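Heads up, the thing below is written out as structure tokens.
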Amino acid sequence: MKLEGINTFVLVAETGSLSEAARRLRVSRSVVSERLSELERSLGASLLQRSTRKVTVTEDGAAFLVRAARIVREVADATADLSERRGTLAGPLRISAPVTFGRLHLGPALYGFLAAYPDIQITLDLNDRRVDASSDGFDAIIRHGPLADAYLVAWQLAASRRVLVAAPSYLAQYGTPATPAQLEGHRGIFYSNRGGADWRFSRQGQTHVVQGRPVLVLNNGDMMRDAAIAGLGITLLPMFIISEALKSGALRVVEVGMEAEQEYLYIAHADGRDPPAKLRALADWLRQAFGSPPYWER
């Protein structure tokens with residue numbers, strides 16, 4: 001019985017897909033199938049039920065999976081511990097992050113981190129959907145805004161200020177609102193993961209929710225910014241997305257007498273396990289790279 005076969009089985013069971021397991025392992029699908037067949041032969045049991053559409057775990061496979069997953073975790077932790085005892089940080093880190101933030105700010109920060117720690121291998125998955133840090137196989141997730149998941153332990157990386165903005169052409173055509181009441185009913189560009197009640201502002205401890213009129217709902221910050229630049233409506237976006245557009249004059253800040261609620265950028269890992277030293281090192285590196293206040297706010 002080979003460890004690579006056990007690891008492959010755990011990945012297939014967790015993802016429900018031979019192709020996804022092959023992608024994460026960076027091997028071909030045929031190699032995944034071969035490893036699984038070899039493992040099943042060594043155990044004398046069928047672990048997976050394969051069909052053209054999906055892969056499901058058999059009764060024997062479910063019983064084996066509990067300890068197999070533990071074996072994989074223990075080996076990974078033992079390897080990381082040994083590296084730390086030697087005074088080095090090494091091994092894989094699988095991170096999920098939002099697309100726009102990853103492209104604009106996280107990527108450039110990671111390049112320096114990997115140069116400083118050449119024995120660490122990072123797999124970065126840029127995706128705006130909400131992921132499950134444990135079941136989706138991530139060591140950590142980087143997110144912007146409130147984290148409601150009780151099973152996550154979150155570390156703050158940087159403060160994040162969101163600003164209401166619009167193009168000069170939109171304001172010239174529809175007028176510039178100066179109060180929350182005047183903002184009501186304006187054409188809005190909204191982030192689909194937050195919903196239409198995202199225009200939340202606070203003043204002196206009181207929260208005021210403004211209902212805009214959604215004309216475009218997107219799940220990507222880049223496209224929200226570009227739609228606002230095109231004059232389609234008003235949008236509420238973090239400074240790390242719009243700072244350059246504000247500098248160039250492509251967008252203008254819309255002041256309504258209240259500020260959007262304070263938010264933060266986090267790196268979070270699943271509760272119940274001690275985070276490896278390499279993850280702590282990454283968090284410290286990112287805090288230094290972004291600064292306080294973060295460089296995109298200056």
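Note that these values count all heavy atoms, side chains included, but never hydrogens, waters or copies made by symmetry. Just so we're clear, the structure is a prediction, and the values are computed from it rather than from any experiment.
Here the side chain of Trp285 pairs no donor or acceptor atom with the backbone of Leu110 at under 3.5 angstrom. No side-chain donor-acceptor contact under 3.5 Å links Tyr117 to the backbone of Lys278. Panel note: side chain Glu255, backbone Ala178; no donor-acceptor pair is recorded below 3.5 Å. Put simply, the side chain of Arg287 never gets that close to the backbone of Ser292: no donor and acceptor are under 3.5 Å apart.
Sparse packing is recorded around CD of Gln49, with 12 or fewer heavy atoms of other residues, nucleotides or ligands lying under 6.0 Å away. Within a 6.0 Å radius of CZ in Arg298, other residues, nucleotides and ligands contribute more than 12 heavy atoms. Open room surrounds CD on Glu34; 12 or fewer heavy atoms of other groups in view lie less than 6.0 Å from it. Few gaps surround CD on Glu263; more than 12 heavy atoms of other groups in view lie less than 6.0 Å from it.
When the side chains of ILVMFWY residues are joined at heavy-atom separations under 4.5 Å, either directly or via intervening members, Met224 and Val253 end up in a single hydrophobic cluster. Tracing side-chain contacts under 4.5 Å through hydrophobic residues (I, L, V, M, F, W, Y), one never reaches Leu282 starting from Leu104; they form parts of separate clusters. Under the 4.5 Å side-chain heavy-atom criterion for grouping Ile, Leu, Val, Met, Phe, Trp and Tyr, Phe290 is connected to Trp155 within one hydrophobic cluster.
Checked against side-chain hydrogen bond (donor to acceptor under 3.5 Å, both in side chains), Ser19 has the following partners two or more places apart in sequence or in another chain: Arg29. Listed by chain and residue number, nothing satisfies the side-chain hydrogen bond (donor to acceptor under 3.5 Å, both in side chains) test with Arg41 (two or more places apart in sequence, or in another chain). For Arg161, the side-chain hydrogen bond (donor to acceptor under 3.5 Å, both in side chains) partners at least two apart in sequence or on another chain are Glu297.
Atoms OG and CD1, from Ser96 and Ile267 in turn, are 10.5 Å apart once rounded to the nearest 0.5 Å. To the nearest 0.5 Å, the span separating CE on Met258 from OG on Ser202 amounts to 6.5 Å. Rounding to the nearest 0.5 angstrom, the gap separating the NE2 atom in His144 from the OH atom in Tyr264 is 11.0 Å. Atom CD1 of Ile142 sits about 11.5 Å away from atom CG of Asp125, to the nearest 0.5 Å. Atom CG of Leu114 and atom CD1 of Ile122 lie 4.5 Å apart (nearest 0.5 Å). Rounded to the nearest 0.5 Å, atoms CG (Asn220) and OH (Tyr191) are 7.5 Å apart.
Partner of Glu261 under the salt bridge (charged side-chain N to carboxylate O under 4.0 Å, His left out) criterion, chosen from Arg203, Arg200, Arg162: Arg200.
Leu286 places none of its side-chain heavy atoms less than 4.5 Å from the side chain of Phe113. Residues Val254 and Leu171 meet the side-chain proximity criterion, which asks for heavy atoms closer than 4.5 Å. Inter-residue side-chain proximity for Ile234 and Pro177 is flagged as met; some heavy-atom pair is nearer than 4.5 Å.
The two residues Gly249 and Pro168 come nearest to each other via the heavy atoms O-CG, 3.7 Å. Heavy-atom minimum distance, Ile95 versus Phe138: C-CD2, 3.8 Å. Contact record, His186 with Gly175: CE1-O, 3.6 Å, taken as the closest heavy-atom pair. Among all heavy-atom pairs drawn from Ala281 and Leu89, the shortest one is CB-CD1, 3.5 Å. Taking both residues in full, the closest heavy atoms of Ala97 and Leu124 are given as CB-CD1, 4.1 Å, listed atom of the first, atom of the second, then distance. Listed here is the closest heavy atom pair of Asp60 and Ala45: OD2-CB, 3.9 Å.
Hydrophobic cluster membership of Ile6, counting Ile, Leu, Val, Met, Phe, Trp and Tyr whose side-chain heavy atoms lie under 4.5 Å apart directly or via other members: Met1, Phe9, Val10, Leu11, Val12, Leu18, Leu25, Val27, Val31, Val32, Leu36, Leu39, Leu43, Leu47, Leu48, Val55, Val57, Phe64, Leu65, Val72.
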Could you walk me through whether Tyr174 and Arg187 pass side chain to side chain contact (heavy atoms under 4.5 Å, CB included), step by step? CA-CA 9 Å; Tyr174 294 97; Arg187 296 167 60 88; 3.6 Å; yes
Derivation of the side chain to side chain contact (heavy atoms under 4.5 Å, CB included) call for Glu259 and Phe201: CA-CA 5 Å; Glu259 293 186 352; Phe201 303 92; 5.9 Å; no
Determine, stepwise, if the pair Leu251 / Ile229 fulfils side chain to side chain contact (heavy atoms under 4.5 Å, CB included). CA-CA 6 Å; Leu251 290 175; Ile229 291 173; 3.7 Å; yes
Evaluate Thr123 against Gln121 for side chain to side chain contact (heavy atoms under 4.5 Å, CB included), listing each step before the verdict. CA-CA 7 Å; Thr123 299; Gln121 305 91 41; over 6 Å; no
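With hydrogens and angles left out, the side-chain atoms of Ser28 and Ser30 include a donor and acceptor closer than 3.5 Å.
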Enumerate, atom names and distances included, each donor-acceptor pair closer than 3.5 Å involving a side-chain atom of residues 235-244, sequence neighbours excluded.
from: Thr235; atom 1: OG1; to: Ile189; atom 2: O; distance (Å): 2.9

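Among residues at least two apart or in separate chains, side chain to side chain donor-acceptor pair (under 3.5 Å) pairs with a member in residues 101-110 are Arg103-Asp222, His105-Tyr295.
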